[in-house]
There are 4 protein chains.
Amino acid sequence: MGRKQAFTRSELLDQTKRVLLEYGYEGFQLKLLSKSLVGARSTIYQYYANKEEIVAACMKRSMENVLQKASAIDETECMDALQHLLDVYLEEADFHQLLGYAHKINKANSAAAAHDLEFVEQAHVTLKSQLERLFARAQEEGHLNTSIPLPAIIGVFFNLIETPNMMNIPTPQWSKLLYQMWLGGVGRR
Amino acid sequence: MGRKQAFTRSELLDQTKRVLLEYGYEGFQLKLLSKSLVGARSTIYQYYANKEEIVAACMKRSMENVLQKASAIDETECMDALQHLLDVYLEEADFHQLLGYAHKINKANSAAAAHDLEFVEQAHVTLKSQLERLFARAQEEGHLNTSIPLPAIIGVFFNLIETPNMMNIPTPQWSKLLYQMWLGGVGRR
Amino acid sequence: MGRKQAFTRSELLDQTKRVLLEYGYEGFQLKLLSKSLVGARSTIYQYYANKEEIVAACMKRSMENVLQKASAIDETECMDALQHLLDVYLEEADFHQLLGYAHKINKANSAAAAHDLEFVEQAHVTLKSQLERLFARAQEEGHLNTSIPLPAIIGVFFNLIETPNMMNIPTPQWSKLLYQMWLGGVGRR
Amino acid sequence: MGRKQAFTRSELLDQTKRVLLEYGYEGFQLKLLSKSLVGARSTIYQYYANKEEIVAACMKRSMENVLQKASAIDETECMDALQHLLDVYLEEADFHQLLGYAHKINKANSAAAAHDLEFVEQAHVTLKSQLERLFARAQEEGHLNTSIPLPAIIGVFFNLIETPNMMNIPTPQWSKLLYQMWLGGVGRR
DNA sequence: GATGAATGAGGCTTCATTCAT
DNA sequence: CATGAATGAAGCCTCATTCAT
């Protein structure tokens with residue numbers, strides 16, 4: 001009963017992500033959002049009570065995806081696991097950037113937003129501990145250059161994600177290539 | 001003698017940079033800017049006609065600094081030059097991020113902004129050609145792993161700049177460390 | 001320096017009171033308010049950060065007036081004091097109605113509003129204890145009909161304030177007349 | 001058999017009255033109304049074409065009740081009749097307050113609302129003339145203090161209705177008490 | 001030149017009302 | 001009939017910019 005929905009919650013979040021990435025958190029406007037959806041701006045409020053909730057929900061969903069994929073990784077071989085993890089992060093590359101906006105959200109405005117962000121925070125901790133676990137093993141097993149501080153190694157690894165893929169190499173190969181550069185360097189062997 | 005000058009053009013640009021980096025381009029507001037200056041908000045208009053001009057001028061100044069330092073580098077040894085270049089980019093690390101905002105500026109609003117951005121664009125080309133020149137030589141001279149496409153090597157090099165320096169290692173050492181990881185990788189040798 | 005003010009804070013509160021009384025709390029709109037002031041609607045925000053603060057400030061001012069006048073009353077003769085108190089309440093008749101809106105104000109929105117309302121609350125207690133003090137004495141001194149419960153007597157006294165003055169009798173006489181009716185009744189003596 | 005009826009017209013008007021009294025005319029919102037009814041908000045439009053009509057119908061119904069009760073009063077003894085009239089007005093105390101909103105309704109929007117308000121207006125005149133008739137007789141028959149202007153006496157009588165019944169005395173006794181205070185005053189006899 | 005105040009355009013959000021199922 | 005969803009008008013508030021002192 002009632003009319004057919006103009007757009008689904010999922011479509012809404014898809015566009016939210018798009019607008020967020022294109023305009024940044026402060027540039028995220030409902031006008032921009034509704035322009036890329038079929039209905040009126042006010043229809044958005046059928047799903048979320050305010051801007052903050054939309055952004056928080058978007059982040060939560062993104063985080064859920066990453067978390068699921070990351071936790072599905074087989075950690076038997078730590079170096080393989082790292083390679084797979086890089087795959088995951090590259091597939092959901094934007095999520096890294098989205099996360100950066102998390103602390104800008106005004107939680108006072110909305111309990112729902114606060115709740116979603118709580119989840120994001122927790123998941124963040126989970127991901128971080130997975131990463132640290134793997135790197136600790138990598139170091140123990142002697143895969144890493146001991147003359148380089150571990151935090152620096154981790155930092156560069158994480159930062160690989162943002163490297164612009166100018167040649168549009170398909171993600172799996174691109175991931176392998178980045179991994180190779182990270183581990184082996186770009187210099188002549 | 002007239003009224004004391006409220007703040008200098010240079011102070012204005014310093015704070016512009018700070019606010020831009022903290023809040024992003026869309027979050028850049030004159031109220032935030034004037035809060036970190038001694039005078040009134042309206043005084044800003046003594047120097048620049050509108051928001052766009054301020055941001056453009058800020059970018060131009062940042063670019064001038066980098067350009068000057070980059071062009072002072074001795075290019076005799078290309079690998080040394082690259083290491084020095086990384087020094088320069090890290091010293092002015094923010095400039096990389098600032099540049100990302102360049103295309104968001106609405107040039108229609110102001111000729112002065114358009115003019116400044118023209119300069120930035122030009123300088124960008126200059127820097128890029130310096131980089132490409134050096135990388136071409138590095139490859140020719142056999143310093144680089146030929147199995148990796150050059151654009152990927154360059155991309156990773158550029159992206160190093162954004163690596164978070166979690167341990168707050170002083171910039172010169174941090175630069176050396178990043179260079180070492182880039183060239184030699186993080187794996188056991 | 002700077003431009004001349006379009007309207008003073010006091011004028012703003014005057015009109016606030018007028019609009020509140022005419023349209024009620026839920027009907028209080030900034031558009032209506034600014035229509036009765038010389039400047040633009042947004043100018044209001046030079047004085048108060050939001051609607052709630054305006055209303056709260058209006059109430060506080062009204063309460064201050066009443067409080068000052070009420071506390072200046074000589075309480076030597078309690079029945080005289082009650083007559084004077086009625087004068088005061090009639091002069092500021094609207095304040096009784098304004099107070100009714102106090103609990104509707106959303107304090108969560110503004111600390112300043114909450115603070116003003118705190119004052120109003122306190123003053124309310126002060127006024128109430130003055131009233132109870134006087135009535136207690138009136139009863140002790142045998143001025144009141146003991147067959148009527150005191151709260152009923154007080155209730156009717158307070159309610160006199162709202163009696164519409166259809167003949168537009170000047171306030172002092174009107175006050176005396178109401179007092180006379182209250183104390184002596186309207187029946188033949 | 002079709003769908004079960006969501007709520008009756010009468011339930012609708014009951015809640016209308018409740019919401020009106022709680023939130024005032026300007027605060028009367030269909031969302032608040034439907035929250036206290038079993039069906040959907042849009043179902044309201046099965047009964048009335050718009051907000052104004054609902055409020056007008058509510059007032060009309062309230063007025064009809066009062067009118068019926070008031071016209072049933074035996075006017076043989078004018079002072080008894082006044083006491084009975086006070087009973088009636090107290091039983092339907094809210095109606096006095098509701099009436100105050102009548103002039104705020106925008107009649108331009110709806111013929112039906114205008115029609116209902118016309119009725120209310122007429123009934124108001126009827127009630128008023130009853131009151132004036134009784135008071136004229138009361139004065140003629142020497143029941144009232146001739147030193148007090150009749151309009152003032154009527155005003156206070158009418159205003160009694162709003163006196164807050166803090167002790168929650170049952171309406172019939174409360175009515176007698178108010179009548180007694182009005183006629184005989186609260187002072188020592 | 002420097003300022004504080006004024007302002008209108010534009011964004012967020014709510015709400016009466018309409019529509020399609 | 002009953003409903004849930006859709007919608008635009010309208011209210012609040014912010015912010016870049018202009019103005020008068």
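Lettering follows sequence order; numbering is per chain, from 1. Just so you know, these numbers come straight off a predicted model, no measurement behind them.
- Both B:S42 and B:Q29 sit near DNA chain F, but only B:Q29 has its closest nucleotide nearer the 5' end.
- Straight-line distance from the CG atom of C:L37 to the P atom of E:dA6: 11 Å, rounded to whole Å.
- Pairs of Watson-Crick or G-U wobble type, with distances under 3.5 Å, assemble into runs of 3 or more in DNA chain F at these ranges: E:2-21 with F:2-21.
- Using a 4.0 Å cut-off between charged side-chain N and carboxylate O, D:R18 and D:D94 make no salt bridge.
- At a cut-off of 3.5 angstrom, the base of E:dA6 holds at least one donor-acceptor pair with the side chain of C:Q46.
- Here the C1' atom of nucleotide E:dG4 and the CD atom of C:Q5 are 10 Å apart, to the nearest Å.
- OP1 or OP2 of F:dT3 has at least one side-chain nitrogen or oxygen of D:T43 nearer than 4.0 Å.
- Atom CD1 in B:I44 sits roughly 11 Å away from atom P in E:dT3 (whole-Å rounding).
- Looking only at atom types and distance, the side chain of D:S36 has a donor-acceptor partner in the side chain of D:Q15 under 3.5 Å away.
- No salt bridge links A:D116 with A:K107; every basic N to acidic carboxylate O contact stays at or beyond 4.0 Å.
- Summarising the local packing, NE2 of C:H124 is surrounded by 12 or fewer heavy atoms from other residues, nucleotides or ligands at distances under 6.0 Å.
- When the nearest nucleotides of DNA chain E are assigned to C:V38 and A:N50 by heavy-atom distance, the more 5′-ward of the two goes with C:V38.
- Put simply, CG on A:L30 is 4 Å from P on E:dC12, counting in whole angstrom units.
- The nearest whole Å value for the distance from the OH atom in B:Y45 to the P atom in F:dT18 is 7 Å.
- Phosphate contact (OP1/OP2 of F:dG11, side-chain N/O of C:K31, threshold under 4.0 Å): present.
- Residue B:F28 is classed as a sugar-phosphate contact, given heavy-atom separations below 4.0 Å to backbone atoms only.
- Side chain to side chain, A:E53 and A:S110 meet the donor-acceptor criterion of an N or O pair below 3.5 Å.
- Of all nucleotides listed (F:dA6, F:dC13, E:dA2), E:dA2 comes nearest to the side chain of B:A6.
- Heavy-atom nearest nucleotides on DNA chain F were determined for A:F7 and for D:F7, and the one closer to the 5' end corresponds to D:F7.
- Counting heavy atoms of neighbouring residues, nucleotides and ligands inside a 6.0 Å radius, atom CD of A:E121 does not exceed 12 of them.
- In terms of phosphate contacts, C:K4 brings no side-chain nitrogen or oxygen within less than 4.0 Å of OP1 or OP2 of F:dA20.
- Inter-residue side-chain proximity for A:K31 and A:R41 is flagged as met; some heavy-atom pair is nearer than 4.5 Å.
- With B:Y25 as the aromatic partner, B:K104 does not meet the cation-pi criteria of under 6.0 angstrom to the ring centre and within 45 degrees of the ring axis.
- Rounded to whole Å, atom C1' of F:dA10 lies 12 Å from atom CG of C:L32.
- Atom P of nucleotide F:dA9 and atom CZ of A:R41 are separated by 12 Å, given to the nearest angstrom.
- The residue among D:E52 and C:G2 whose nearest nucleotide of DNA chain E is located toward the 5' end is C:G2.
- Whole-Å rounding puts the A:Y23 OH to E:dG11 P distance at 12 Å.
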